[in-house]
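Along the sequence shown, the residues carry numbers beginning at 1.
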Amino acid sequence: IGVSVVSTVFGMLAAMGATRYALPGKGPVMGTIMLPLVVPSLIISIALLVILRKVFDVPLSLWTVAAGHVLVCVPFSMLVLIARLEGFDKGLEEASNDLGESAWMTFWRVTFPIALPGIVASLLMCFTISFDEFVMAFFLSGTDQTLPVFLYSQLRFPNKLPPTLSLGSTILAASIVIVIVSEWLRRRGVQTSKPGAF
């Protein structure tokens, strides 16, 4: 839950910067943020392990797992929120500013309500990604365990296999439902010019 909230906050800030402002070096910055989408999680996990232990000498715990998960989840959050923020009339924000509202109140009264389905979709998507992530948790968890690492460790014991498989199936079904709901929320209220399109 913490990872999904932090990732969505960072994703919202990045999405607003990408859709509202013509920033210098926007292309390389966007490419850098999106790198975790194309780099295998095994490579990212090993790189983070080396950086955390050899460079900063940070002890491995659930905090290091959370930091790694935020790194992976922010690009997904940003993509969902960019799609949402580009789907409404920016003239609404300009009208709010013209009527005397501050930038913060314009965000809170205009942008936030319109972007809310995308924000909820981002929270659900980031929660699913963080909850199901195994490789990064395996490398960065230390003595602490996340649920996927615990399930993997239980596969060594034949007598624990049936409950482990049933729990894994339940998690899979719940993840599918969360992804479907998040996609439905992301598309909710987005206008399209194509008749019959979602």
Side-chain angles (χ1 to χ4, degrees), residues 1-23 25-45 47-48 51-52 62-88 90 92-93 103-104 106-137 139-141 146-148 171-172 174-192 198:
I1 293 172
V3 166
S4 62
V5 171
V6 172
S7 300
T8 299
V9 170
F10 285 151
M12 185 69 180
L13 295 173
M16 289 191 67
T19 57
R20 297 294 185 270
Y21 308 104
L23 303 172
K26 181 178 174 180
V29 171
M30 291 282 291
T32 303
I33 294 173
M34 297 301 171
L35 269 179
L37 296 177
V38 294
V39 178
S41 59
L42 180 63
I43 304 300
I44 296 175
S45 302
L48 284 175
I51 291 171
L52 290 171
L62 291 180
W63 290 104
T64 55
V65 175
H69 285 185
V70 167
L71 180 68
V72 172
C73 290
V74 165
F76 289 96
S77 172
M78 187 175 172
L79 287 176
V80 169
L81 291 168
I82 284 177
R84 185 66 188 181
L85 290 176
E86 286 183 342
F88 77 93
K90 297 176 182 65
L92 297 172
E93 293 176 328
W104 169 249
T106 296
F107 169 79
W108 188 247
R109 292 185 173 181
V110 178
T111 310
F112 182 78
I114 294 174
L116 186 58
I119 292 171
V120 175
S122 170
L123 287 168
L124 293 174
M125 186 73 70
C126 292
F127 176 83
T128 304
I129 293 167
S130 177
F131 186 74
D132 293 341
E133 174 62 44
F134 169 76
V135 176
M136 193 167 289
F139 279 93
L140 301 179
S141 59
T146 62
L147 185 58
I171 292 172
L172 176 63
S175 299
I176 291 172
V177 170
I178 290 175
V179 169
I180 291 172
V181 170
S182 69
E183 180 63 14
W184 176 78
L185 285 170
R186 186 190 68 80
R187 292 171 179 255
R188 184 170 174 254
V190 176
Q191 295 179 356
T192 179
F198 292 100

Tell me the closest heavy-atom pair linking P117 and P113, and the distance in Å. CD-O, 4.0 Å
Applying side chain to side chain contact (heavy atoms under 4.5 Å, CB included) to L116 and not counting sequence neighbours gives F112, V120
How many angstroms lie between atom CZ of F134 and atom OG of S141, to the nearest 0.5 angstrom? 9.0 Å
Can you name the closest pair of heavy atoms from P75 and L37 and give their distance? CB-CG, 3.7 Å
If we ignore hydrogens and angles and just use 3.5 Å, is the side chain of S130 paired with the main-chain N or O of C126 as donor and acceptor? no
Tell me, do V6 and V74 make a side-chain contact under 4.5 Å, heavy atoms counted? no
Between CD1 on residue I178 and CG on residue L123, distance to nearest 0.5 Å: 11.5 Å
Is there a donor-acceptor pair under 3.5 Å between the side chain of R84 and the backbone N or O of L79? no
Assess the residue pair L147 and D132 against the criterion (side-chain contact (heavy atoms from CB on, under 4.5 Å)); give the C-alpha distance rounded to whole Å, side-chain angles, the decisive distance to 0.1 Å, and a yes or no. CA-CA 8 Å; L147 185 58; D132 293 341; over 6 Å; no
Any sub-3.5 Å donor-acceptor pair from S182's side-chain atoms to V179's backbone N or O? yes
Can you confirm whether M16 sits close enough to F107 that some side-chain heavy atom of one is under 4.5 Å from a side-chain heavy atom of the other? yes
Beyond-backbone contact of T111 with L85, side-chain heavy atoms, under 4.5 angstrom: yes
Tell me every residue that passes side-chain hydrogen bond (donor to acceptor under 3.5 Å, both in side chains) with E133, counting only those two or more places apart in sequence or in another chain. none
Below 4.5 Å, heavy atoms only, C-beta onward: do L140 and H69 meet side chain to side chain? no
With a 3.5 Å distance limit and no angle check, can you tell me whether S7 reaches the backbone of S4 through a side-chain donor-acceptor pair? no
For the atom pair CG (L23) and CE (M30), what is the distance rounded to the nearest 0.5 Å? 10.0 Å
Once you round to the nearest 0.5 Å, how far does CD1 of I176 lie from CD1 of I171? 12.5 Å
With rounding to the nearest 0.5 angstrom, report the CG to CD1 distance, L124 to I180. 12.0 Å
Rounded distance (nearest 0.5 Å) linking atom CG of L81 with atom CZ of F10: 13.5 Å
Check whether any side-chain heavy atom of M136 sits under 4.5 Å from a side-chain heavy atom of V65, and report yes or no. no
Applying side chain to side chain contact (heavy atoms under 4.5 Å, CB included), name anything that partners I129, two or more places apart in sequence or on another chain. V72, C73, F76, M125
Taking CZ in R20 as the centre, count heavy atoms belonging to other residues, nucleotides or ligands within less than 6.0 Å. Is the count above 12? yes
Side-chain donor-acceptor contact under 3.5 Å, T8 with S122: yes
Do F139 and L42 touch side chain to side chain, with heavy atoms closer than 4.5 Å? yes
